[in-house]
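Computed from heavy atoms alone, side chains included, the values below leave out hydrogens, waters and symmetry copies. Numbering of ligands and ligand atoms starts at 1, following listing order.
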Amino acid sequence: MAGKMLKFVNTDQEMPDKRPPDTRRADWHEIYGEYIKDKAEAQAGRCSQCGVPFCQVHCPLHNNIPDWLMLTAEDRLEEAYEVSQATNTFPEICGRICPQDRLCEGNCVIEQAGHGTVTIGQIEKYITDTAWDQGWVQPIRPPRELDQSIGIIGAGPGGLAAAEMLRRKGYKIHVYDRYDRVGGLMIYGIPNFKLEKEVVQRRTAWLEDGGIVFHMNFEVGRDASLEELRGRHDALLIATGVYKARDFQAPGAGLKNVLPAMDYLTASNRKGLGDEVPAFEDGQLNAKGKNVVVIGGGDTAMDCVRTAVRQEAASVKCLYRRNRANMPGSQREVANAEEEGVEFIWQSAPEAFVGDEAVKAVRAYRMHLGAPDATGRQTPQRIENSDFTIDADIVIKALGFDPEDLPGMFGSPDLKVSRWGTLSVSWKTMMTNLDGVFAAGDIVRGASLVVWAIRDGRDAADAMHAWLKENARSAQAAAAE
Ligand SMILES: Cc1cc2nc3c(=O)[nH]c(=O)nc-3n(C[C@H](O)[C@H](O)[C@H](O)COP(=O)(O)OP(=O)(O)OC[C@H]3O[C@@H](n4cnc5c(N)ncnc54)[C@H](O)[C@@H]3O)c2cc1C
Ligand code: SF4
């Protein structure tokens with residue numbers, strides 16, 4: 001599909017406002033503003049079909065972006081959807097929440113030439129949302145049912161991507177998760193203004209309709225050991241994510257209202273889903289009218305500051321020890337947060353939390369960036385006599401996540417982990433050191449992205465299928481002898 005003409009088109013068209021009325025604020029960046037057909041076609045038509053698709057190379061799923069852009073530009077949306085869904089289990093989700101500025105769009109040749117990227121993520125979302133509206137998304141109907149059964153621990157994007165691919169082959173799929181809802185961090189971590197929960201729930205219903213069985217509120221380690229599950233299934237996939245919040249010790253860290261990010265975000269997401277959340281109702285996990293200080297510079301920190309803005313906090317400040325250029329989070333998220341009124345206090349770190357019972361202020365100091373460390377990143381160093389104090393009614397710690405102690409939790413001390421606590425797998429087979437036990441997603445990579453979890457889940461599914469086939473062949477051969 002190469003050799004297309006390069007088109008330059010005016011894409012500044014009005015988009016219909018499809019945001020729920022209670023979330024409409026002109027100064028907030030929401031994902032609800034949907035692409036209209038003309039805009040999607042015009043943007044897709046900007047793709048130069050350059051023949052060196054860096055966008056595709058830098059997409060973890062190697063999505064065939066040039067092809068589905070061309071089909072969109074030609075108003076062949078159903079075909080565009082077919083191409084797009086062939087490599088991605090959740091295109092409408094990635095279109096919403098991938099940090100495209102670091103992946104496909106950041107490597108678009110037109111962006112590199114200084115003309116502004118083709119809005120690949122928005123178009124991906126538009127194609128699949130349209131497919132849902134038009135009824136093109138077909139249920140999973142395996143050509144035949146197989147006898148083998150697969151257990152998947154974790155209903156996040158890694159586990160679900162594997163579940164889809166394996167179910168399509170006809171395996172019986174059982175997904176176990178300790179949460180009450182399917183989706184992992186897509187449901188309780190990522191806020192609604194970036195990823196509407198109905199979009200995740202629509203996929204859950206689709207997977208269930210395809211015959212995948214979910215066992216929710218089922219915690220492996222509490223409700224069954226890993227060995228018990230190994231006995232129930234022909235193969236297992238561990239896709240449990242990383243949930244041990246990084247912490248720091250400082251005077252006053254135990255004061256009331258110094259909160260871990262996941263507690264704060266989960267409460268907000270549960271509220272949005274219609275759950276009773278007493279700690280939100282009593283104000284503990286609600287930022288309304290409060291001075292909020294978020295500590296950290298990743299995407300979780302950005303989600304916290306932007307959630308606090310939407311809860312109508314009196315002020316929202318973000319404290320980060322490096323500078324803007326060295327922030328781990330998406331630059332687009334930072335820009336959105338700034339435009340929404342978040343104040344960034346760069347190159348500063350907390351020293352103590354001040355208050356009697358509940359926190360009242362954060363005492364912090366300034367830092368400068370010193371010599372690069374072994375990874376090449378400049379090490380922040382304290383500037384003497386640079387202390388300052390910020391008012392705070394809520395402090396949110398968003399310092400990242402590490403793996404939990406899975407061998408201990410699962411009652412499987414022989415399950416091999418890396419020195420970071422992530423599960424050790426062979427990248428070729430995605431198998432852990434336990435025969436027939438595979439792993440995928442954050443629990444293997446460390447905290448990463450939805451799109452990488454999908455990629456791992458799909459790779460693990462291929463590897464599990466190959467392993468199960470080989471096992472079945474060996475069993476047949478042994479029986480014939
Ligand atoms: C606040 C926040 C915002 C983020 N924003 C983005 C973003 O905008 N874009 C992006 O691409 N990525 C984002 N990420 C990262 C992304 O969500 C993760 O990389 C991705 O969800 C990892 O998928 P996973 O399937 O490996 O794990 P998870 O999504 O974490 O799912 C793991 C599942 O395993 C279950 N589980 C864990 N232990 C057990 C057990 N013992 N028994 C049973 N079940 C268990 C959990 O309940 C969970 O449902 C964000 C992360 C956070 C924390
Ligand atoms: S999956 Fe993510 S990186 Fe790949 S094309 Fe879609 S938005 Fe870009």
So which protein N/O/S atoms does atom 4 (Fe) of ligand 2 have within less than 2.8 Å?
C59 SG

Exceeds 12 heavy-atom contacts within 6.0 angstrom, atom CZ of R445:
yes

For a quick check under 3.5 Å, do R232 and S149 share a side-chain donor-acceptor pair by atom type?
no

Name the residues with a heavy atom less than 4.0 Å from ligand 1?
I97, I153, G154, A155, G156, P157, G158, Y176, D177, R178, Y179, G184, L185, G189, I190, K194, F218, E219, V220, A239, T240, G241, Y243, L265, T300, D303, F401, M409, F410, G441, D442, S448, L449, V450, A453

When rounded to the nearest 0.5 angstrom, what distance separates CZ in R246 from NZ in K397?
14.0 Å

Could you tell me which residues satisfy side-chain hydrogen bond (donor to acceptor under 3.5 Å, both in side chains) with R203, sequence neighbours excluded, listed by chain and number?
E92

Do Q311 side-chain atoms and A287 backbone N/O form a donor-acceptor pair below 3.5 Å?
yes

Verify the ring-centre separation between H174 and F218: is it less than 6.0 angstrom?
no

Is there any ring pair (Phe, Tyr, Trp, His ring centres under 6.0 Å) pair reaching into residues 42-96, and which pairs are they, with sequence neighbours excluded?
none

Verify the distance criterion only: is there a donor paired with an acceptor across the side chains of D180 and Y188 at less than 3.5 Å?
yes

R310 charged N/C atom sitting above F193 aromatic ring, 6.0 Å / 45°
yes

